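Since the structure is predicted, the reported quantities are computational estimates derived from the model, not experimental observations.
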Amino acid sequence: MQRGIIHLIYPTFACDGSVVISASSIGFPCLPVCSYVIVFVLLLGCKLLMPSVVKAAPNLPPKLADTLYLRESNGAHLSETYRYYTEPFSAPATPAHADSMFRSGAFSAGPWHRTLNLGFAHQRLWLRLAVVNTLPQRTRFIWSLYNYTDSATLYYRRAGDELFTRVSAASSQVPAAERIFPARALCLPFTLATGEHAELYLRIDHHAGALYVPTDVTTTEDFLAWEVNYVFTKRWIWLIGFYLGSAVFNLVLFGFLRDRIHLWYVAYVVFTTIFLLMEDGLDALAFPAGIYRLLWSIGQFNFMLLAAACGLRILQLFLRLRNGWSYLYRVGTGLIVTAAVFVLVYTLLYPAARIQGNTLGLTLLNGGREVLLVAIFTYCWVALITVFRAPNHRRLALYYSLTYFFFFGGLCCSG
């Protein structure tokens, strides 16, 4: 029976945990691949066969509302009420202009009960929402954006007013402590008297990547009640402990075995953890201002690219590509170097392209990153299949394929 090490690590392209079996020797036997598959299939079967406690919501047809009636806790999905509109950054950045476009019918309803995702639009986004305060007292509400946003500005026009008023503005480029409302999300507060009606226009200027806009409007108290339990309800405490334990475990293994694959594991864990912290906005709370700005000057999805490059290097070392497939090894090394150089170039060029409003430059930078991610993903599958076809190395390919098996199986369980 072959001997080896079982590492807790993450799949090459995933942002969640799974299992990788290393070829390094530590002194206890590794079970055959089929044993792991059988155990996982049994667990997956239990998950699928277990009766659901919560009834599935009926698939009701869309019923758009004209007004959001603000309560202590707004359970209705915001897509039932808001309207959105995109335009070039050269258009007038005023609420009066946006209101004229709304009255001309340019605004559209968002996807029903789904987060608005416009991809790499590189355009200004306007969100319009008509609201009324149904609470018996003057109340402070918060319009929150849960994804990184270069700039967001909130305007409102109360019933009877002719002009719009700029209420608040914020940017994810500054850490939470320096924002108008210190929180991991980008929060724009506004206040309404009891029974008061208002039209809200939210202007979003975003250049860093895709326009993905998870958003919500609720009271300050309801928002804080959600945020205080966020790291527990989303199991971030477990996740950080798992990531940290994986990194330390591989450092210990490197100290004993002197196998550099463990250092690449550590780098992969670090880049993946940073990406996930940035995804949920926890970096705004966890890091000092200088480190926070440094991370975002590199860019969230560039950390995903660096993690993918580390995963590619792990695959090269694990499958011994240098010994049996020198051409394939050189191509992979070229992809790793290209990814590292691209991140450096992106970090240097992106600020100037954003300030100048260079849409073509921003499109090339963001599109280039996507091309590299697809190239690395394709390379890993080609390398894995190539090694699997070699009888003498098939077991290595089978062991490494567990990475993808557990990841996609985990997606099925979570779904």
Side-chain angles (χ1 to χ4, degrees), residues 10 12-17 120 144-152 170-187 204-214 227 230-231 234 236-237 239-244 246-248 263-311 313 336 338-355 361-362 365-366 368-370 372-373 376:
Y10 315 99
T12 305
F13 295 100
C15 297
D16 204 348
F120 292 101
S144 304
L145 297 169
Y146 294 95
N147 213 23
Y148 182 90
T149 306
D150 286 333
S151 174
S171 172
S172 297
Q173 296 176 7
V174 298
E178 300 177 17
R179 298 174 187 171
I180 187 172
F181 190 96
R184 67 176 183 90
L186 199 61
C187 299
I204 298 175
D205 295 305
H206 185 63
H207 307 273
L211 265 176
Y212 179 71
V213 193
E227 288 296 305
Y230 180 80
V231 295
K234 295 300 182 180
W236 259 103
I237 300 298
L239 212 58
I240 289 294
F242 178 68
Y243 288 178
L244 182 61
S246 299
V248 172
L263 293 180
W264 287 101
Y265 283 151
V266 173
Y268 180 87
V269 172
V270 169
F271 290 139
T272 303
T273 304
I274 292 174
F275 169 81
L276 289 175
L277 287 171
M278 298 169 81
E279 176 72 10
D280 278 8
L282 293 173
D283 57 323
L285 301 172
F287 298 118
I291 296 178
Y292 176 83
R293 290 189 173 92
L294 174 63
L295 294 179
W296 279 106
S297 68
I298 297 172
Q300 177 190 358
F301 288 94
N302 285 334
F303 283 104
M304 177 189 285
L305 178 60
L306 292 173
C310 290
R313 181 59 176 163
I336 295 171
T338 302
V341 172
F342 175 84
V343 171
L344 178 61
V345 171
Y346 188 103
T347 303
L348 295 175
L349 296 183
Y350 168 75
R354 181 179 62 84
I355 293 173
L362 292 169
L365 288 173
N366 292 320
R369 181 180 57 227
E370 301 305 310
L372 279 174
L373 284 170
I376 292 175

Under the side-chain hydrogen bond (donor to acceptor under 3.5 Å, both in side chains) test, residues paired with Arg313 that sit two or more places apart: Gln316, Tyr329

Least distance between heavy atoms, Ala176 atom then Ala183 atom: CB-O, 3.4 Å

Separation of Thr272 OG1 from Glu279 CD (nearest 0.5 Å): 12.5 Å

CG on Asn147 to CG on Leu186, rounded to 0.5 Å: 10.5 Å

Among Phe275, Tyr292, Trp296, Tyr212, ring-ring contact (aromatic ring centres under 6.0 Å, His included) partner for Tyr148: Trp296

Minimum heavy-atom distance Leu282-Val231, with the two atoms named: CD2-CG1, 4.3 Å

Steps toward side chain to side chain contact (heavy atoms under 4.5 Å, CB included) verdict (Arg293, Gln173): CA-CA 7 Å; Arg293 290 189 173 92; Gln173 296 176 7; over 6 Å; no

Nearest-0.5 Å distance, CG of residue Asn302 to CG of residue Asn366: 8.5 Å

No-hydrogen, no-angle side-chain donor-acceptor test under 3.5 Å, Asp280 and Tyr230: yes

Residue pair Ala247 / Val269: nearest heavy atoms and the distance that separates them: CB-CG1, 4.2 Å

Stepwise side chain to side chain contact (heavy atoms under 4.5 Å, CB included) test for Phe287 and Leu277: CA-CA 10 Å; Phe287 298 118; Leu277 287 171; 3.9 Å; yes

Backbone N/O of Ser151 and side chain of Thr149: donor-acceptor pair under 3.5 Å: no

Atom pair OG/CG of Ser172 and Asp150 - distance to nearest 0.5 Å: 8.0 Å

Nearest heavy atoms of Ile376 and Ala308, plus distance in Å: CG2-O, 3.8 Å

Taking every non-hydrogen atom, the tightest pair across Pro175 and Ala284: CB-O, 4.1 Å

Plane angle bin for Tyr350 and Tyr346 - parallel if under 30°, tilted between 30 and 60°, otherwise perpendicular: parallel

Positive for side-chain contact (heavy atoms from CB on, under 4.5 Å) with Val341, one of Val345, Thr338, Leu344: Val345

Derivation and outcome, side chain to side chain contact (heavy atoms under 4.5 Å, CB included), residues Val248 and Val266: CA-CA 8 Å; Val248 172; Val266 173; over 6 Å; no

Contact summary for Pro182 and Ala177, nearest pair of heavy atoms: CB-CA, 4.4 Å

Distance, nearest 0.5 Å, that separates CG of Leu276 from CG of Leu239: 6.5 Å

